[in-house]
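None of these values were measured; they are calculated from a predicted model. FYI, side chains are in, hydrogens and waters are out, and symmetry mates aren't considered; it's all heavy atoms of this structure.
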Amino acid sequence: MTIHYPNGSISKPVLQVVSNASGSFTAHSSNIFGPAPVDAGLSPQSSSNSIVIIASGLYWCNTGNEQTLKIMRYDGSSWSNITNGEATINHSNRGGAFGNHQTGSSGWEAQGYAIIGYDSPNTTSTRWYRVYGQTREGSSQSNRWYWNRGWQTSGNDSFSGMNHIIIMEVEG
């Protein structure tokens, strides 16, 4: 099997696959990276092996804002950005790299995303992976954004979504 990602292709055997999903609704403040409500971890069989991360889901924020998503790795003491796995979308462009959108009342919109990352952790210790997101408010709108919140008709979770993450260990 060959895995294609933005910086090349991997045609070596996949040794482990771990996946997880969550529909938990979470809110975050503007201009602060907040974690998606789902992560996944594995212990590589060899320190020379690599990890491919694929994540997708739904977030909700005000239109006209710029949303940045990145894949982070937890090493047992802290989270750090991995080299290949960050993408930015400007909501005034409607859609773009993350897919479609659904605009709700007062200019808010649901946005689907998909992001792929590649990591070489150089260890056999367990490493955890999670998407973090941030929005930069374009106005004084409530300065918040949400994971797994869709178009609001009433309450906090009308047409809510799921966040998914798949991590695969690839032979080094």
Side-chain angles (χ1 to χ4, degrees), residues 1-29 32-61 66-89 95-102 110-135 144-150 156-157 159-172:
M1 173 172 98
T2 300
I3 299 169
H4 300 281
Y5 68 100
N7 294 335
S9 299
I10 300 168
S11 58
K12 299 194 176 190
V14 173
L15 304 174
Q16 292 184 68
V17 177
V18 177
S19 66
N20 201 359
S22 173
S24 295
F25 167 82
T26 57
H28 296 282
S29 297
I32 297 171
F33 274 100
V38 62
D39 58 23
L42 63 75
S43 300
Q45 297 175 10
S46 169
S47 61
S48 63
N49 293 344
S50 300
I51 309 294
V52 175
I53 307 99
I54 302 170
S56 65
L58 180 73
Y59 64 88
W60 195 72
C61 68
E66 184 177 275
Q67 180 76 19
T68 300
L69 300 175
K70 61 184 176 180
I71 298 174
M72 304 282 282
R73 174 185 67 208
Y74 185 71
D75 65 7
S77 62
S78 63
W79 289 94
S80 59
N81 192 15
I82 65 170
T83 305
N84 299 307
E86 184 168 323
T88 300
I89 183 172
F98 301 139
N100 61 2
H101 74 284
Q102 180 179 16
Q111 181 69 41
Y113 74 89
I115 188 169
I116 298 171
Y118 179 79
D119 189 29
S120 298
N122 298 316
T123 186
T124 58
S125 297
T126 301
R127 295 296 183 248
W128 291 86
Y129 297 89
R130 172 181 278 174
V131 173
Y132 275 68
Q134 172 191 44
T135 192
R144 64 187 186 280
W145 62 278
Y146 307 89
W147 291 108
N148 291 328
R149 181 177 183 177
N156 290 330
D157 57 0
F159 303 107
S160 61
M162 295 284 289
N163 281 59
H164 302 268
I165 189 166
I166 300 169
I167 56 176
M168 297 176 279
E169 179 184 7
V170 179
E171 187 175 84

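- Tyr113 and Ser56 are not linked by any side-chain donor-acceptor pair at a separation below 3.5 angstrom, with hydrogens and angles left out of the test.
- Contact between His164 and Val38 at its shortest, heavy atoms only, is N-CG1, 4.3 Å.
- Contact of the Ser125 side chain with the Ser43 side chain is not registered, since no non-hydrogen atoms from C-beta on lie closer than 4.5 Å.
- Rounded to the nearest 0.5 Å, atoms OG (Ser22) and CE (Met162) are 6.5 Å apart.
- To the nearest 0.5 Å, atom OG of residue Ser80 and atom CD1 of residue Ile71 are 12.5 Å apart.
- Within the 3.5 Å criterion, the main-chain N or O of Leu58 finds no donor-acceptor partner in the side chain of Trp147.
- For Arg73 (side chain) and Asp119 (main-chain N/O), no donor-acceptor pair under 3.5 Å exists by modelled atom type.
- When only modelled atom types and interatomic distance are considered, Asn49 and Glu171 share no side-chain donor-acceptor pair under 3.5 Å.
- Side-chain atoms of Lys70 do not come within 3.5 Å of backbone N or O of Val131 as any donor-acceptor pair.
- At distances below 3.5 Å, at least one donor-acceptor pair connects side-chain atoms of Glu169 with backbone N or O atoms of Gln45.
- With sequence neighbours left out, the side-chain hydrogen bond (donor to acceptor under 3.5 Å, both in side chains) criterion links Arg127 to no other residue.
- Put simply, CD1 on Ile167 and CH2 on Trp128 are 7.5 Å apart, with the number rounded to the nearest 0.5 Å.
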Pair Leu15-Val170, side-chain contact (heavy atoms from CB on, under 4.5 Å): steps then yes or no
CA-CA 6 Å; Leu15 304 174; Val170 179; over 6 Å; no
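- Between the side chain of Ser46 and the backbone N or O of Ser48, at least one donor-acceptor pair lies under 3.5 Å.
- Remark: Tyr132 OH to Met72 CE distance equals 5.5 Å, nearest 0.5 Å.
- Using a 4.5 Å cut-off on side-chain heavy atoms (C-beta onward), Asn163 and Ile165 make no contact.
- At least one side-chain heavy atom of Ile53 sits under 4.5 Å from a side-chain heavy atom of Ile82.
- Rounding to the nearest 0.5 angstrom, the gap separating the CD1 atom in Ile116 from the OH atom in Tyr118 is 13.5 Å.
- Across all their heavy atoms, Asn20 and Ala40 have their closest contact at CB-CB, 4.5 Å.
- Here Trp79 and Tyr129 keep their ring centres 6.0 angstrom or further from each other.
- The structure places CG of Leu69 at 5.5 Å from CD1 of Ile115, a figure rounded to the nearest 0.5 Å.
- Judged as a side-chain hydrogen bond (donor to acceptor under 3.5 Å, both in side chains), and not counting sequence neighbours, Ser47 has no contacts.
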